[in-house]
Amino acid sequence: MGYRRGYYRKDGTYVQGHFANNRSKSFSSKNNGCVILTLVFIAFSSIISCSESSDSTNDITNSGSGSGSSSSSNCPTKTCGDFATRAQAQAAYNSNKSCYKNLDADGDGIACENLK
């Protein structure tokens with residue numbers, strides 16, 4: 001914002017000096033912080049979603065190799081149909097909750113609720 005000096009128009013009238021906004025109204029530096037934060041949030045969320053999708057892809061490809069061993073990057077694919085009782089399924093679920101998360105469909109901590 002700057003002070004504009006007084007001046008005469010072509011018709012001879014005088015315009016009093018006043019403060020005038022010299023910046024463009026379409027681009028304001030006040031909104032730059034919000035724009036930058038939004039762009040950072042979008043970039044960060046896309047990086048997270050890409051890393052989660054590649055982890056799940058690795059789990060699928062590693063578990064399909066038929067090794068059957070449970071390591072940190074290689075989870076066995078077990079479903080409720082692979083267990084005879086709910087107690088067996090619950091024991092497997094409690095041993096590694098991140099690996100056997102598909103045994104707990106509703107996320108309440110009880111595995112294979114449809115088994116007896």
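This chain uses plain numbering: 1 for the first residue, then up along the sequence.
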Task: Verdict with supporting geometry, S95 and Y100, side chain to side chain contact (heavy atoms under 4.5 Å, CB included) - done: CA-CA 9 Å; S95 68; Y100 294 106; 3.9 Å; yes
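- Residues meeting the ring-ring contact (aromatic ring centres under 6.0 Å, His included) test with F41, sequence neighbours left out: none.
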Side-chain atoms of residues 82-90: list all donor-acceptor pairs with protein atoms under 3.5 Å, sequence neighbours left out, distances to 0.1 Å.
unit_1: D82; atom_1: OD2; unit_2: T79; atom_2: N; d: 3.0
unit_1: T85; atom_1: OG1; unit_2: Q88; atom_2: N; d: 3.3
unit_1: Q88; atom_1: OE1; unit_2: A84; atom_2: N; d: 3.0
unit_1: Q90; atom_1: OE1; unit_2: A111; atom_2: N; d: 2.8
unit_1: Q90; atom_1: NE2; unit_2: N94; atom_2: OD1; d: 3.1
unit_1: Q90; atom_1: NE2; unit_2: G109; atom_2: O; d: 3.1

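- Annotation: side chain to side chain donor-acceptor pair (under 3.5 Å) contacts of T13 (sequence neighbours excluded): D11.
- Among residues two or more places apart in sequence or in another chain, the side chain to side chain donor-acceptor pair (under 3.5 Å) test is passed with S98 by N96.
- With sequence neighbours excluded, no residue satisfies ring-ring contact (aromatic ring centres under 6.0 Å, His included) with F44.
- Other members of the hydrophobic cluster containing V15, listed by chain and number, are Y7; membership follows side-chain contacts under 4.5 Å among ILVMFWY residues, whether direct or relayed.
- Hydrophobic clustering, defined by side-chain heavy atoms of Ile, Leu, Val, Met, Phe, Trp and Tyr closer than 4.5 Å, groups Y8 together with Y14.
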